Structures are given as structure tokens and as C-alpha cells.
Protein chains: 2
Amino acid sequence: MAKRVSHKDSMCGVARPLDAIGDWWSLLIIRDAFDGLRRFGEFQKSLGLAKNILSARLRNLVAHGILDTVPASDGSPYQEYVLTQKGQGLFPLLVALRQWGEDFFFAPDEPHVTLVDRATHMPVRRLELRAQDGRMLMAEDTVVVVPALAGERE
Amino acid sequence: MAKRVSHKDSMCGVARPLDAIGDWWSLLIIRDAFDGLRRFGEFQKSLGLAKNILSARLRNLVAHGILDTVPASDGSPYQEYVLTQKGQGLFPLLVALRQWGEDFFFAPDEPHVTLVDRATHMPVRRLELRAQDGRMLMAEDTVVVVPALAGERE
DNA sequence: AATCATGGTTTCAAATTAAAACCACGTTAG
DNA sequence: CTAACGTGGTTTTAATTTGAAACCATGATT
């Protein structure tokens, strides 16, 4: 972790989040947390990863303010791991990942889990990126701009 | 790569995409590709990663159909790496990552690059997740459902 | 003919990961 | 009381991955 950033001493707006998350396992832990898992053992069982790795990842996620530890809700002498606000902010990212997966990693008829509206049980729509005025935007309709000295590069 | 999935022989809709992308470097490569970079040397200069690693990542991305190699457009004897349709499908994911970064990794006054609407040069809106009927959905408004019997829990 | 730029591959040391063994603490069973 | 057990980890150790640097191949430049 703590990646070396030699040629630019501040990480960009994409690399910084990536560094905080840590690795793929962490993202799967976060997904499980969204699904309501809270206990060390639950994560381990769900993901099947080594306990030392899980331990390290949880510690890292807590250190980055994505998870928080709280005393167990059921009286057991252990702690539970819950998403902070910051952690919950990752929801769109997980949805994006899932939708991309649906688009390209499953045969048309292959069954897969679906994200549905809790109220109606209908599948959710695609994530939408819109301009201020409401127009839908595709990748080509956007540019990345750097703030002050305005070197606009794309 | 090619992660072992011992306890379940089919990866879920989130893990599969993660496996295909490979690692954080790959995502940064993809971001650069969205920014128009195409050449080996451009990626290397932009990201500052070792050439062997870049080489491996590019090969992996091509193998997973996220990038494609095309003969160089400028007559040089080399090839260029361009996003496939599948690769372009990752745009929302990058936007999600960037917006999360803006929310939690920059001081309110700290300058950072911004994604803007190419037409108006105004910042884009937040990614929106909506129900079929158009209601905006938060994480708590959604559930993940498994498709009938299939043994995939999530 | 020698040099340089580009796009890699190979080599090898260092860091990371993962499996398994171990440990601590509290609970239940005998 | 004591032995086994479940939970939540840490330590140990080997295997894998990473990354820096050196090397190489090809074509263009001087």
C-alpha cells in the first residue's frame, strides 16, 4: 500500500481513492458490508480469504475511514464493522461495477444477481451521468479540466 | 492474476469484473485511455510505472477485451492501445471513483481536476441511480436478489 | 557507421500474499 | 472444575508478485 508517487507528489482524483480502498478484496468486503455483513467471521465465510489478509484489509479500511468498528450489537464480546458515510459513498462505484459486469460478463440468458428497487422489486435503471441542464452524457461528451492554470488535457 | 475461487466455482457479478480489470494500475491505464492516451510510452510517462508492469497490464487488458491493439495511426511501426466497447463501458465506474474522490479526498478549497460537460464546460452532475419509475435511489432503497435457485449468494 | 527513440523482455532482489499453525478469551458440556 | 469449542484474531513460513534496472530489437537520424 502507500504507493510511491515519485513523479507527481500529489495523487490525482482517481488514484487517491484507489489507494484508500486498497485492493480488490477490500471492495468485496465493502460490497458485503452493503449487504449487511458486519462480523469478521461473516466476511471470512463469504469471501473465503485468509484470516490474516481479512484482518489487514479491515484494519486498512478502518484506518481510511471507510469502515468503523462498533461494539457488537448482540452482546458478544466482539466488535462489528460498519460502513461510515465515506464508505457508503462507494455505493455508486459498486453499482457501476455490477452493471458493467452484467453487460459484459454474463451470457444473455445466464442468471445473475440483480440489483432491484426495494419498494417495487423492479430492477434499477442504469446509472446516469447528466449535465447541469439534464442532458445525458456519454464519455465523449465530457472533458477533464485542471483548475487554475487551465492546462486542459484530454 | 487468475484468482483462485475455491469455495464457489463461479465468481459473482462484482468479482468477475474486478478480476478482468486486474489491478489499480489497470484502472489508471484505462482512465488515461479515456483521456486519449494510446501509446506505450505515453502511458508509462503518465503513470510512472515500470515498463514490465505496464507491459503485463496492457497485455492483460487486451486479453480481457478491454483494450485493443491497432496499428499506429501516425505511420510509426508501433501499435496503439485503444478502448473497446467493453472498455468504454467502464466510464461510469471511473466517474463514480472520481466523484467519491472529490467528496472525501480533497479539502473544500483544495483544487482538483473536474469532469465537465464538453458542450458547456460546466461540471457534470452526480451520477444518479434511479428506479424504473424515475425515483432516485440511495443504497438503502435497493436490494440484491438472486435469480431463482442458482446457488450464488450475494 | 554510430547513435538515438520506442517498445518492449529478462533478471533478480524486495515486498506482498496466502495457508496453516498458533493463541487468547469467553461459553458451554460433562 | 476442567475439557472441548467458537470467535476473532496474530505469527510463521513459503510461494507469488512486484518493480527497478539492465538488456535487447527495430527503425529512424546524424
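The shown structure was predicted, so the numbers you read here are calculated from the model rather than taken from an experiment. Each chain gets a letter, A, B and so on, in the order the sequences are listed, and its residues count up from 1.
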Distance in angstrom units between A/Leu54 CG and D/dT7 P, rounded: 14 Å
Candidate pair A/Asn52 and A/Ser55, rule side-chain hydrogen bond (donor to acceptor under 3.5 Å, both in side chains), full reasoning: CA-CA 5 Å; A/Asn52 52 350; A/Ser55 181; over 6 Å; no
Side-chain N or O of A/Arg39 closer than 4.0 Å to phosphate OP1/OP2 of D/dT7: no
Other cluster members, A/Val82 - Ile/Leu/Val/Met/Phe/Trp/Tyr, side-chain contacts below 4.5 Å: A/Val70
A/Gln85 atom CD, over 12 foreign heavy atoms within 6.0 Å: no
Sugar-phosphate, base or nothing in reach of A/Gln79, heavy atoms under 4.0 Å: sugar-phosphate
So which protein nitrogen or oxygen atoms get under 3.5 Å of nucleotides 20-28 of chain C's nitrogens or oxygens?
none

Test: A/Lys86 cationic atom under 6.0 Å from B/Phe105 six-membered ring centre, within 45° of axis: yes
Rounded interatomic separation in angstrom, taking CH2 from A/Trp24 and P from C/dT16: 18 Å
Short side-chain N/O contact to D/dG9 OP1/OP2 from A/Arg59, under 4.0 Å: no
Side chains of B/Asp74 and B/Arg39 in contact at under 4.5 Å (non-hydrogen atoms): yes
Touch class at under 4.0 angstrom, heavy-atom based, for A/Phe43 against every strand present: nothing
Length of the CZ-C1' vector between A/Arg57 and D/dG9, whole Å: 15 Å
Distance in angstrom units between B/Phe40 CZ and D/dA25 C1', rounded: 14 Å
d(CG, B/Leu49; P, C/dG8) in whole Å: 13 Å
Length of the line joining A/Glu42:CD and D/dG6:P, which is rounded to integer Å: 17 Å
Partner set under side chain to side chain donor-acceptor pair (under 3.5 Å) for B/Thr84, not counting sequence neighbours: none
Nearest-Å distance for atom pair CD1/P, residues B/Ile29 and C/dG7: 14 Å
Phosphate-side-chain proximity, B/Ser55 and C/dG8, N/O vs OP1/OP2 below 4.0 Å: no
A/Asn60 CG to C/dT16 C1', straight-line distance once rounded to whole Å: 13 Å
Exam field: side chain A/Arg125 to backbone B/Gln132, donor-acceptor pair closer than 3.5 Å: yes
Distance below 4.0 Å between A/Trp25 side-chain N/O and C/dA18 OP1 or OP2: yes
